[in-house]
Amino acid sequence: MISVIIVNFNGEHLIADCLTALEAQTFRDFETVIVDNGSVDRSSEVIMEFMKRSPMGTKIKFVPLKKNLGFAGGNIEALEYASGKYLALLNNDTEPHEGWLEALSNAMEGDPLTGICASKLVSCRDGTIDSAGDGYTRSLKGFKRGEGSLPARFDEPMYVFGACAGAALYRRSMLEEIGFLDNDFFLIHEDTDLNIRAKLAGWKILFVPTAVVRHKVTSSIGYMSDMQTYYTLRNSELVRMKDIPLSAFVLCLPEFLVGFLSELIYFGLKHGKIRLFFRAKRDAVRLLPRMLKKRRSIMARRKMSTAALIKEMTPMWERDFLRRKLTKFLRD
């Protein structure tokens, strides 16, 4: 029923824990597709050793690549080998609880209009929420819903704006309709793009609080690394170019300008990445023609009104969101 896709890059210290947790799942009707993105460590050896000793080894398809195609490209490659009715994407730095797949599959089977199910990701560092689904602000930027909060605050299933692709379940028929991850993103915000495309096409996204996953946050790419910063800054623009209706952009323009200025201060001034900031924005502009071409097909199948889309976005001035952002700005 489910194809679990794991993209690995230099994760020899991570992948065995992830696979061991997957081995313990109560739901058994799944296969695993592991794509290794040209790792230069012992990842391949660790994966093959696990396949030899594990009872689920015969249901693992291992796809070693010669170069790093990024999170998006690695998952696209894996799709060629996946046969499931549903696709579960799982980061190599996660450890899903034993009932993870069962909770996601039950939720997806319960509603044919649900195209994506989001997990409850909990930080291994301090036990707080990493993501209880994803949100999207009226400054036109994706964010992790509930980040830094106590897990008990998010114990109710509910429809949300999006799902973090680090641990989420996708309906294959939805992906056949709207497309999979966009290879132009490489990594970061590729899930934001997919979330909005699903929304615009009329699909629902459900947060499943019983689908719990422990996450070793930023273990793969490093917190505030140049790579993380560059793709965060560039890809947020690609999402806007590609997915946001013009009428929504106009209505959100004041908050967008405030958000852009805040982003410049945080990344450019506070963290000394001013040159990286402008390089990322310049490179986004260079991709504008490609994004506009993709935009035409997205808008052609659009079913969601601008009013409905904006209603699901989080205002920058919403109290809990603003408090968390200010805390993060001052602390990090």
Side-chain angles (χ1 to χ4, degrees), residues 69-77 79 86-87 89 108 112-118 133-143 145 159-165 168-206 231-253 255-256 259-260 280-281 283-314:
L69 300 182
F71 183 80
N75 277 292
I76 291 168
E77 189 74 20
L79 188 61
Y86 305 122
L87 303 176
L89 304 193
M108 189 73 88
L113 297 180
T114 295
I116 307 174
C117 286
D134 281 358
Y136 197 74
T137 69
R138 293 181 188 172
S139 64
L140 308 181
K141 183 76 177 287
F143 69 95
R145 178 173 171 264
Y159 292 109
V160 292
F161 193 93
C164 171
L169 188 67
Y170 298 85
R171 189 180 297 272
R172 183 185 284 271
S173 60
M174 179 199 74
L175 298 177
E176 290 172 347
E177 175 191 337
I178 70 171
F180 193 33
L181 299 177
D182 186 340
N183 203 27
D184 282 331
F185 281 68
F186 193 73
L187 59 83
I188 302 178
H189 285 314
E190 67 286 288
D191 50 1
T192 307
D193 165 54
L194 184 52
N195 291 333
I196 299 178
R197 283 189 279 126
K199 283 281 182 188
L200 291 176
W203 291 93
K204 296 189 289 187
I205 302 173
L206 179 65
Y231 285 108
T232 296
L233 293 170
R234 191 198 70 161
N235 291 352
S236 61
E237 302 298 340
L238 300 189
V239 171
R240 295 160 184 160
M241 296 171 184
K242 181 180 173 183
D243 303 316
I244 303 301
L246 181 59
S247 54
F249 182 82
V250 171
L251 291 170
C252 293
L253 185 59
E255 289 185 53
F256 164 71
F260 188 89
K281 301 304 183 183
D283 290 351
V285 172
R286 288 175 173 173
L287 286 169
L288 178 60
R290 293 171 69 167
M291 295 302 110
L292 293 180
K293 183 177 180 180
K294 295 174 184 181
R295 177 187 178 90
R296 285 193 286 272
S297 63
I298 294 168
M299 296 305 159
R301 72 170 74 93
R302 176 184 166 194
K303 297 177 182 177
M304 190 180 214
S305 69
T306 294
L309 181 64
I310 291 179
K311 187 176 180 181
E312 292 205 29
M313 293 180 182
T314 301

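Along the sequence shown, residues carry numbers from 1. Remember, predicted model here, so these are calculated numbers, not experimental data.
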Closest heavy-atom contact between [X] and [Y]?
{"X": "Arg240", "Y": "Leu140", "answer": "NE-O, 2.7 Å"}
{"X": "Tyr170", "Y": "Ala163", "answer": "OH-O, 4.4 Å"}
{"X": "Gly133", "Y": "Val160", "answer": "CA-CG2, 4.4 Å"}
{"X": "Glu237", "Y": "Ala284", "answer": "CB-CB, 3.6 Å"}
{"X": "Met241", "Y": "Leu292", "answer": "O-CD2, 4.2 Å"}
{"X": "Ala201", "Y": "Glu177", "answer": "CB-OE2, 3.8 Å"}

Quick one, [X] and [Y] - any side-chain contact, counting heavy atoms below 4.5 Å?
{"X": "Phe71", "Y": "Ile188", "answer": "no"}
{"X": "Leu79", "Y": "Arg172", "answer": "yes"}
{"X": "Ile178", "Y": "Leu194", "answer": "yes"}
{"X": "Thr232", "Y": "Lys141", "answer": "yes"}

Point to revise | Residue list, side-chain contact (heavy atoms from CB on, under 4.5 Å) with Leu287, at least two apart or on another chain | key: Arg234, Leu238, Arg290

Point to revise | Leu181 vs Leu89, side chain to side chain contact (heavy atoms under 4.5 Å, CB included): CA-CA, chis, key distance, verdict | key: CA-CA 11 Å; Leu181 299 177; Leu89 304 193; 4.2 Å; yes

Measure the [atom1]-[atom2] distance between [X] and [Y] for me, rounded to the nearest 0.5 Å.
{"X": "Phe161", "Y": "Ile116", "atom1": "CZ", "atom2": "CD1", "answer": "10.5 Å"}
{"X": "Leu187", "Y": "Asn235", "atom1": "CG", "atom2": "CG", "answer": "7.5 Å"}
{"X": "Asp283", "Y": "Leu233", "atom1": "CG", "atom2": "CG", "answer": "11.0 Å"}
{"X": "Tyr136", "Y": "Ser236", "atom1": "OH", "atom2": "OG", "answer": "7.5 Å"}
{"X": "Ser297", "Y": "Arg302", "atom1": "OG", "atom2": "CZ", "answer": "14.0 Å"}
{"X": "Met313", "Y": "Leu309", "atom1": "CE", "atom2": "CG", "answer": "4.0 Å"}

Check your understanding: Do the charged groups of Asp184 and Lys242 touch, with an N to O distance under 4.0 Å?
Key -> no

Do side-chain atoms of [X] reach the backbone of [Y] as a donor and acceptor pair under 3.5 angstrom?
{"X": "Glu176", "Y": "Met174", "result": "no"}
{"X": "Asp193", "Y": "Asp243", "result": "no"}
{"X": "Asn195", "Y": "Gly162", "result": "no"}
{"X": "Arg138", "Y": "Glu255", "result": "no"}
{"X": "Arg295", "Y": "Ile244", "result": "yes"}
{"X": "Arg171", "Y": "Met108", "result": "yes"}

Check your understanding: When you look at Leu251 and Phe256, which way does the side chain to side chain contact (heavy atoms under 4.5 Å, CB included) test go after all the steps?
Key -> CA-CA 10 Å; Leu251 291 170; Phe256 164 71; over 6 Å; no

Point to revise | Any residue meeting salt bridge (charged side-chain N to carboxylate O under 4.0 Å, His left out) with Arg301, in chain and number order, not counting sequence neighbours | key: none

